[in-house]
Amino acid sequence: WLFLKMLEKGIAERRTQVVNWDPVDQTVLANEQVIDGRGWRSGAVVEKREIPGYYLKITDYAEELLAAVADPESKNYLAGWPERVRLMQENWIGKSAGVRFAFTHDIRDAQGALIQDGRLYVFTTRADTIMGVTFCAVAPEHPLAAHAAAGHAELAAFIERCRQGGTTEAELALKEKEGMPTGLFVTHPLTGEKVPVWVGNYVLMSYGDGAVMGVPAHDERDFAFARKYALPIRQVIAVEGEAFSTDAWADWYGDKQRAVCINSGELDGLPHKAAVDKVAELLAIRGLGEQKTTWRLRDWGVSRQRYWGTPIPIIHCDDCGAVPVPEQDLPVVLPNNLIPDGSGNPLQQCAAFVDVACPQCGKSARRETDTMDTFVDSSWYFMRYTCADNQAAMVDARTDYWMPMDQYIGGIEHAILHLLYARFWTKVMRDLGLVKADEPFKRLLTQGMVLNHIYSRKTPQGGIEYFWPHDVDNVLDAQGKIAAARLKADGSAVDYGGVGTMSKSKNNGVDPQDLIDRFGADTARLFTMFAAPPEATLEWNDAAVEGSHRFLKRVWAFGLKLQDLSPSAAEPAEAPGKLRRELHQTLQQVSFDYGRMQYNTVVSGAMKMLNALEGADTAAPGMPAALREGFGILLRTLYPVTPHITHALWQELGYAAQQGDLLDAPWPQVDPAALRQDTVELMLQINGKLRGALQVPTNADQSAIEAAALASAEFTRFAEGRAVKKVVVVPGRLVNVVV
RNA sequence: GCCGGGAUGGCGGAAUCGGUAGACGCAGCGGACUCAAAAUCCGCCGCCCUUAAAAGCGUGGGGGUUCGAGUCCCCCUCCCGGCACCA
């Protein structure tokens, strides 16, 4: 329904898209199958193919999507997001300010019409180097390339080669930069010079106008290209004190900050920004160009040639074209009895699904078999969760109550795609009047990946099968590194593929249920929390889980011990100062770490508390009361991590009778009085090297500390009579004597 | 290739703002208890030299800033994540 609304509003539209096509199996390949050497279909011949599909115009929202991650002044700024995620999204959106201008030509197609009105448009961020242009390069799919290829077999073959090898950014970037002259020339807009047009495999049709100006002297890629094909290199900017040579690239050739134009007529002497402005002005006078912002972000192609996914509610009629499914016929429901066999989308063979009457003219028509990217579903599931029982509408007022979400948690692998799509989708729903939120997620915690070893081998059929780490024994090399592995079952050899993200397809996942079965849920939770901070990448290893289990047994045992210590009401809890100081200091740290979601040190803090409690002398005056206070702090601290055992102890030991259920108990407060100390230990450094420690009164001033330092035995020993040049005192921490 | 992140003992990790590197735990070693084992408890545990103490070295590698660098800056190596059709 929303998709049809988006079509109606022009946020969605149908156009052709380039996909990775397997010419042998005649199917669309997933990128994983193309990029990943471990994929089962890797090595397949891949070519680019243009097929129709539906796009969502995420680029219309580029400015707003960018502001919330890049501009702290923006009203929607995502201050609660990790810096690295904001930065990744900023780079992905890729706003780039520059100049778009045209080289003119009078190249005509077979019908005699001027190709692109006689203008070859390019985009550049370095318009100040425009006088250094010695060639232009266009994408293999560019109209000028197609035109030149007609009747030029060699060029046609080159363009055909460029069509092979996949469309992913990684592949394109790894390809060797190659080109071929088209034999065509265009006219430089300022000098009137003839400039040769090349086809370059590194020029992307999807960015800017699919053409670039070539300035070999001041762009590293153009420099390499020009050296390879012996194109002229013309220096047009200079940096004081640097000498230019066409022999090798130097970083300053591309410098913006210090660059000054030379060999550029009226631009000479201008720095970067002024020169760009001047060039834009000169081009504007001729009607050939202007300053322009270009984005790296592309529209979101949502069509997938897959069985799974939300159906695209369109019916194709020979007479009426692409007709939306009428609202009363929604939702389009997929048949659930088809079996994907790897030969393409099985929906296409399903007559019951495909054959329908055109809603407009009633003639027999064909239902769209493409389904939507599953990112579509993940872009709004969280809003639907707030009102999942509403059968009449997508969302209702409850969504406005809950959104934006206070805290979202997800893997760092979603930093760009899912989190950008969900942001876009929320804004679309807002603009269609469905929700009020501008942004879906106020705070974001990105979990690190949990990695595990990957074992695989090729099957005789040419595929790859993966083995579960528990089913193999490692074979170590001389350095003790894993070199290969053997199947436990039959000893046969298996290849070791390093570590990587746990995934079903690589068969290297771990089910937490195993730990729960062996040790219980509290131990499984405690161990997982303790292993690493949530943002960190972690190589999975549960060898230490026994330690977590042991700790919980000690907590339980201490609870039993406490039960036998009945404090008399008269005892003052303040007496055992050392224990209370230790507990409240640790509580301070734990509270801080909870706030920053560093749960591993929350657990280690709880362990410290138990160590302190266990080490206390129960016979000391006031101790039973202090222990009871301290254990109450420990239980509340640990409750979010191990709810079951702490809840039971809270109940059994009578805390609940006095303070209510643990579920409702407030977070324990640090008692400032417990932290107070009369003396403090300062580290003593001589020339920045640690040489000892000083006990000084907590309120000692700078000169008293200095005096104590100079009077110390360590000073006498390590200063060896040298004169004191400086004394640095860091209150509460250290004193450093420089001699 | 590009973007982002990471590298600290045998292992997972700690060090909040540039101020005691190795908290807490695992593994290991020694001991107590036990007929014995398990469980539990106590002690040791970065490297090097050493009977010991003291000194020296030490946060992936190289350089720099600073009284002082795991932390900041520059260069490099390796590993992980993403690169738009795995989701």
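Below, each value reflects all heavy atoms present in this structure, side chains not excepted, and no hydrogens, waters or symmetry copies. Below, chain A is the first sequence line, B the second, and so on; all start at residue 1.
Looking at residues 47-57 of chain A, you'll see that no heavy atom sits under 4.0 Å from any atom of RNA chain B.
If you measure from atom CZ of A:R86 to atom C1' of B:rG5, you get 15 Å, rounded to the nearest angstrom. Between A:M609 atom CE and B:rA23 atom P there is a gap of 18 Å when expressed in whole angstrom units. The nearest whole Å value for the distance from the CZ atom in A:R306 to the P atom in B:rC85 is 10 Å. At whole-Å resolution of the value, CZ in A:F592 and C1' in B:rA23 are 16 Å apart. Rounded to a whole Å, the CE atom of A:M372 is 18 Å from the C1' atom of B:rA84. For the pair A:Y202 OH and B:rG1 C1', the interatomic distance rounds to 15 Å; values are reported in whole Å. The separation between A:H453 atom NE2 and B:rC80 atom P is 12 Å, rounded to whole Å. Rounded to whole angstrom, the span from the CG atom of A:L444 across to the C1' atom of B:rG4 amounts to 14 Å.
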Interface polar pairs with nucleotides 63-68 of chain B, N/O, under 3.5 angstrom:
residue : atom : partner : partner atom : Å
B:rC67  : O2'  : A:N736  : ND2          : 3.3
B:rC67  : O2   : A:N736  : ND2          : 2.4

Provide a list of protein-nucleic acid N or O atom pairs under 3.5 angstrom, restricted to nucleotides 8-10 of chain B.
none

Which protein N or O atoms sit under 3.5 Å from an N or O of nucleotides 26-34 of chain B?
residue : atom : partner : partner atom : Å
B:rC26  : OP1  : A:R550  : NE           : 3.3
B:rC26  : OP1  : A:R550  : NH2          : 2.6
B:rA27  : OP2  : A:R550  : NH2          : 3.3

Restricting to nitrogen or oxygen on both sides, can you table the protein-nucleotides 11-14 of chain B pairs closer than 3.5 Å?
residue : atom : partner : partner atom : Å
B:rG12  : O2'  : A:A531  : O            : 2.7
B:rG13  : O3'  : A:N600  : ND2          : 3.2
B:rA14  : OP1  : A:N600  : ND2          : 3.1

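Nucleotides B:rG28 and B:rG19 have their C1' atoms positioned 33 Å apart, rounded to a whole Å. Spacing between B:rU59 and B:rG22 at atom C1', rounded to whole Å, works out to 9 Å. Taking atom C1' on both nucleotides, B:rC24 is separated from B:rC76 by 34 Å, rounded to a whole Å. Comparing the C1' positions of B:rG4 and B:rA15 gives an interatomic distance of 25 Å, to the nearest angstrom.
Contact between the side-chain N/O atoms of A:R691 and the OP1/OP2 oxygens of B:rG56 is found at a separation under 4.0 Å. Within the 4.0 Å cut-off from OP1 or OP2 of B:rA84, not a single side-chain nitrogen or oxygen of A:R298 is found. For A:S604 and B:rG25, the shortest distance from a side-chain N or O to OP1 or OP2 is not below 4.0 Å.
Of the possible donor and acceptor atoms, one in the side chain of A:R722 sits under 3.5 Å from a partner among the backbone N and O of A:A719. When atom types are taken as modelled, the side chain of A:D542 and the backbone of A:V545 share no donor-acceptor pair closer than 3.5 angstrom.
For A:N611, taking side-chain heavy atoms from C-beta onward, the closest of the listed nucleotides B:rC24, B:rA84, B:rG1 is B:rC24. Here the side chain of A:L734 is nearest to one of B:rU20, B:rC85, B:rA84, namely B:rU20.
Residues forming a side-chain contact (heavy atoms from CB on, under 4.5 Å) with A:I409 (at least two apart in sequence, or on another chain): A:Q407, A:L445, A:Q447.
Among the atoms of the strands shown, only primed sugar atoms or phosphate atoms (P, OP1, OP2) are found under 4.0 Å from some heavy atom of A:L87.
Aromatic ring centres of A:W300 and A:Y421: separated by under 6.0 Å.
Between A:D370 and A:R306 there is no salt bridge, since no side-chain nitrogen of the basic residue lies less than 4.0 Å from a carboxylate oxygen of the acidic one. With salt bridges taken as basic N to acidic carboxylate O contacts below 4.0 Å, one links A:R14 and A:E368.
Between A:Y385 and A:Y381, the ring planes are perpendicular. Angles over 60° get that label, and only those under 30° would be called parallel.
Judged by closest nucleotide on RNA chain B, A:L690 is the one of A:L451 and A:L690 placed further toward the 5' end.
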